[in-house]
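Below, read A as the first sequence line, B as the second, and so on, with proteins coming before strands; counting in each chain starts at 1. Since we're looking at a predicted model, the values are computed, not measured.
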Amino acid sequence: MSVVTRFAPSPTGFLHIGGARTALFNWLYARHTGGKFLLRIEDTDRKRSTPEAIDAILAGLEWLGLQWDEEPVYQFSRRDRHAEAAQTLLDKGLAYRCYCTPEELDAMREKAKAEKRSMRYDGTWRDRDPSEAPEGVDPVIRFRAPQEGSTVIEDVVQGRVEVANSELDDLIMLRADGTPTYMLSVVVDDHDMGVTHAIRGDDHLTNAFRQTQIFQALGWEPPVFAHIPLIHGADGAKLSKRHGALGVEAYRDMGYLPEALLNYLCRLGWSHGDDEFFDIQQAAEWFDISGINKGAARFDFDKLANLNGRYIDAADNERLFALALPGLEEAAGGALPEEVKSRVLAGMNSLKSRADTIPQLVENALIYVRSRPLEFTEKASTLITPESRALLGELAGDLEAVNDWSEETVDGAVRAFVEKKDLKLGAVAQPLRAALTGTTVSPGIFEVAAIFGREETLARVREVATG
RNA sequence: GACCCCAUCGUCUAGAGGCCUAGGACAUCAGCCUUUCACGCUGAAGACACGGGUUCGACUCCCGUUGGGGUCGCCA
């Protein structure tokens with residue numbers, strides 16, 4: 001039987017990082033097995049579901065390149081089918097109408113809390129005659145859960161997990177307004193969609209028991225469950241916004257590449273030996289549920305940044321330029337002249353090896369964007385002394401004589417100048433760097449000079465030399 | 001609180017009873033390279049939570065303790 005996995009987010013917010021990894025694992029497993037990866041939008045909560053959230057989730061998956069198969073299933077559109085399943089259970093005596101009001105339930109909850117018990121519906125209407133139903137109360141439909149014995153799930157990540165049925169109460173399947181709740185919808189949809197493997201967050205583990213019971217009541221085979229560990233923040237607590245619980249678009253905006261985020265997410269809770277750096281196709285080839293860990297993992301921005309730096313290094317220059325352009329234009333306060341654009345592009349190889357994120361790339365590229373007269377950083381201005389000005393003035397003469405302006409010829413000219421003056425290379429190269437870039441940090445200064453060209457280089461050097 | 005899950009360097013992890021003197025990656029530190037900053041290279045420091053078993057032998061299996069997490073909604 002061919003594998004069918006699914007990602008089933010509720011559209012109440014963006015695609016957060018934990019959801020992205022859940023989607024990724026489902027995608028990987030489907031690709032690995034040659035099966036299908038389905039998308040289901042769990043929008044049965046009409047109050048909290050929004051079209052904006054749906055768009056954000058779809059956009060997030062697309063940005064990551066996690067393409068789903070077939071049309072997304074919108075759960076709410078299947079409400080009649082869910083109600084039908086509830087009716088089936090009602091007919092079979094495996095469900096019943098409960099006339100407790102939300103207020104009564106609240107009271108039950110309060111009481112349980114006061115007695116330090118976990119809240120369990122007390123079964124008031126489980127065996128009560130419907131003729132006793134109060135006037136004017138729309139009933140909910142509750143599942144008549146087994147009270148004896150236990151329910152077992154054979155989780156492929158967590159192993160065999162068993163819970164006594166006495167721990168589980170009669171959950172609500174249909175609300176008073178007749179709409180289905182999550183617990184019912186998931187079961188019906190997973191069955192109807194032919195889902196064979198439910199790979200989802202560990203927080204659903206306890207739900208799996210109730211869902212298994214519903215599957216059994218309906219006479220259906222539950223999917224294979226794989227409850228993957230959660231992602232925690234750097235402090236080990238639940239992932240907070242401060243610690244990375246952001247939408248994937250926030251990672252995009254922070255300058256991370258999708259392939260880097262994907263690689264990082266793969267390694268969070270899953271491993272293939274000592275392999276660290278690999279693309280998603282490679283991961284799909286290797287991916288197996290047996291490689292998933294049981295313990296929660298902490299989110300580590302440092303490692304993500306390192307990985308991102310490597311992917312930036314490997315990325316196409318034109319692509320990086322396009323990603324950096326908005327930031328460069330913002331810094332420049334307007335559109336970039338063609339001349340500046342080609343400088344940035346020409347210097348991209350060196351620029352990208354120094355950047356871990358796109359904002360860093362932008363920052364590094366700014367040396368080609370700033371125009372004369374240059375402003376100098378504090379460190380750079382300490383390099384501009386009467387002596388170095390004189391030196392640069394002399395150097396300008398030598399540079400003017402350079403034929404065939406290039407990194408190599410500038411290099412040669414400066415080294416010859418250094419030798420002539422019996423100086424160390426740094427004594428000239430550093431002031432030169434300051435003069436050309438206004439900073440003390442940049443790619444190789446001969447490369448920078450080559451990119452600026454003879455005219456611009458001389459102009460900058462002379463500007464400093466003459467004070 | 002009840003139920004359930006988890007536990008190897010600071011972090012992500014390798015490890016399926018002898019291959020372990022516990023390996024790799026990130027981060028940290030030192031050195032090399034070097035015109036700066038990076039990159040790169042070399043090296044250092046750094047972990048099996050604790051206590052009992054089982055076994056000739058336990059990071060690996062079992063039990064307990066401790067610690068962490070999840071769930072307990074007419075949310076998903």
Side-chain angles (χ1 to χ4, degrees), chain A residues 8-12 42-45 47-49 75 98 100-102 105-106 109 112-113 115-120 138 140-142 155 157-159 161-164 166-169 171-177 179 181-183 185-186 201-207 209 227 229-230 232 234 236-238 264 267-277 290 293-307 309-310 313 350-356 360 364 379-380 383 411 414-415 418 424-434 437 439-446:
Chain A
S10 61
T12 53
E42 308 216 319
D43 54 354
T44 53
D45 183 348
K47 292 185 191 75
R48 298 199 302 159
S49 299
Q75 196 159 51
C98 166
C100 284
T101 61
L105 259 16
D106 283 343
R109 228 182 312 278
K113 200 175 172 185
E115 293 170 13
K116 299 195 168 185
R117 291 180 294 114
S118 59
M119 159 65 181
R120 247 170 271 154
D138 290 327
V140 299
I141 307 295
R142 281 186 188 271
D155 192 285
V157 172
Q158 305 293 344
V161 189
E162 178 172 4
V163 76
S166 57
E167 296 293 332
L168 274 17
D169 65 358
L171 69 282
I172 293 172
M173 297 192 296
L174 246 40
R175 302 186 182 96
D177 65 3
T179 60
T181 63
Y182 163 78
M183 218 58 87
S185 304
V186 167
D202 217 356
D203 50 341
H204 285 287
L205 186 58
T206 47
N207 290 334
F209 294 110
H227 289 95
L230 267 16
H232 288 167
K238 195 169 179 176
Y264 178 71
R267 290 288 294 107
L268 219 49
W270 177 79
S271 59
H272 181 266
D274 282 336
D275 295 304
E276 297 278 352
F277 191 67
S290 64
N293 289 121
K294 300 172 108 180
R298 300 185 188 201
F299 196 88
D300 182 4
F301 271 105
D302 283 338
K303 190 153 185 174
L304 207 212
N306 174 273
L307 224 37
R310 298 174 66 164
D313 227 350
S350 310
L351 254 18
K352 70 182 181 183
S353 76
R354 277 146 231 265
D356 279 347
Q360 282 175 20
N364 295 344
K379 278 187 180 173
L383 289 170
D411 187 325
V414 173
R415 284 182 200 276
V418 162
K424 279 183 159 180
L425 184 53
V428 177
Q430 276 302 85
L432 179 59
R433 166 170 287 110
T437 68
T439 74
T440 54
V441 177
S442 80
I445 199 60
F446 306 130

*With sequence neighbours left out, write down each residue that passes side-chain hydrogen bond (donor to acceptor under 3.5 Å, both in side chains) with D106(A), or none if nothing qualifies.*
R109(A)
*Letter per nucleotide, 5' to 3', of nucleotides 31-47 of chain B [B base touched, S only sugar-phosphate touched, - untouched; heavy atoms, 4.0 Å]*: ----BBBBS--------
*How close or far is atom P of A7(B) from atom NZ of K294(A), stated in whole angstroms?*
6 Å
*Is C20(B) paired to anything, Watson-Crick or G-U wobble with both distances less than 3.5 Å, and if yes, which nucleotide?*
none
*Quick one: what's the B/S/- string for nucleotides 63-74 of chain B, heavy-atom cutoff under 4.0 Å, read 5' to 3'?*
------SBSBSB
*Could you check how far CD of E276(A) sits from C1' of A25(B), rounded to whole Å?*
4 Å
*Taking atom C1' in both G15(B) and A22(B), what distance in whole Å separates the two?*
8 Å
_Complementary nucleotide for A14(B) - Watson-Crick or wobble, under 3.5 Å_ = none
*Show your reasoning for whether side-chain contact (heavy atoms from CB on, under 4.5 Å) applies to Q158(A) and K294(A).*
CA-CA 6 Å; Q158(A) 305 293 344; K294(A) 300 172 108 180; 4.0 Å; yes
*Taking atom C1' in both G46(B) and C5(B), what distance in whole Å separates the two?*
29 Å
*Take the protein atom CG of N306(A) and the nucleotide atom C1' of G24(B), then report the distance between them rounded to whole Å.*
13 Å
_Can a donor-acceptor pair be found, under 3.5 Å and without considering hydrogens, that links the side chain of R298(A) to the backbone of H232(A)?_
no
_If I pick the C1' atom on G64(B) and the same atom on A7(B), what distance separates them, to the nearest angstrom?_
15 Å
*asked:* Go nucleotide by nucleotide along RNA chain B from the 5' end; which of V163(A) and T179(A) gets its closest nucleotide reached first?
replied: V163(A)
_side-chain hydrogen bond (donor to acceptor under 3.5 Å, both in side chains) partners for E276(A), two or more places apart_ = R267(A), K303(A)
*asked:* Can you give me the closest heavy-atom contact between P443(A) and S350(A), atom names plus distance?
replied: CB-CB, 3.7 Å
*Is the side chain of R48(A) donor-acceptor paired with the backbone N or O of S10(A) at a distance under 3.5 Å, no angle test?*
no
*I would like to know whether H204(A) and H227(A) meet side-chain contact (heavy atoms from CB on, under 4.5 Å); could you show each step before the answer?*
CA-CA 7 Å; H204(A) 285 287; H227(A) 289 95; 3.9 Å; yes
_For the C1' atoms, the ones on U21(B) and on C63(B), what distance do you get once it is rounded to whole angstrom?_
31 Å
*With a 3.5 Å cut-off and just heavy-atom distances, do the side chain of K303(A) and the base of C12(B) make a donor-acceptor pair?*
yes
_Could you tell me how far A27(B) sits from C12(B) if I compare only their C1' atoms? Round to whole Å._
11 Å
*Verify ring-ring contact (aromatic ring centres under 6.0 Å, His included) between Y264(A) and F299(A), making sure each step is shown before the conclusion.*
CA-CA 10 Å; Y264(A) 178 71; F299(A) 196 88; 5.2 Å; yes
*Rounded to the Å, how far apart are W270(A) CH2 and A25(B) P?*
18 Å
*Between atom CZ in F299(A) and atom P in A25(B), what is the gap in whole Å?*
21 Å
Polar atom pairs (N or O), protein with nucleotides 48-50 of chain B, under 3.5 Å:
none

_Nearest-Å distance for atom pair CD/C1', residues E42(A) and A76(B)_ = 7 Å
*Between D177(A) and T179(A), is there a donor-acceptor pair closer than 3.5 Å when you use the side chain of the first and the backbone of the second?*
yes
_Classify E162(A) by what it touches in the nucleic acid, base, sugar-phosphate, or nothing, heavy-atom distance under 4.0 Å._
sugar-phosphate
_Taking the P atom in each of U65(B) and G24(B), what is the distance between them to the nearest angstrom?_
37 Å
*Could you check how far CG of D275(A) sits from C1' of G15(B), rounded to whole Å?*
15 Å
*Counting distance only, does the side-chain N/O of D356(A) pair as donor-acceptor with the main-chain N or O of N306(A) below 3.5 Å?*
no
*With rounding to whole Å, what would you report as the distance between A14(B) and C9(B) at their C1' atoms?*
13 Å
*What are the two closest heavy atoms between S185(A) and T44(A), and how far apart are they?*
OG-CG2, 3.8 Å
*For D274(A), side-chain hydrogen bond (donor to acceptor under 3.5 Å, both in side chains) partners two or more places apart*: none
*When the distance from CG of L307(A) to P of A27(B) is rounded to whole Å, what number comes out?*
10 Å
*asked:* Please report the distance separating the P of U13(B) from the corresponding atom of C74(B), rounded so that it comes out in whole Å.
replied: 35 Å
_C50(B) pairs with, by Watson-Crick or G-U criteria that keep both distances under 3.5 Å_ = G64(B)
*Less than 4.5 Å apart, any side-chain heavy atom of E42(A) and any of V186(A)?*
yes
*G-U wobble or Watson-Crick pairing nucleotide for A2(B) (cut-off 3.5 Å, both distances)*: U71(B)
*Look through every strand shown and name the nucleotide pairing with C41(B) as Watson-Crick or G-U wobble, where both distances are under 3.5 Å.*
G31(B)
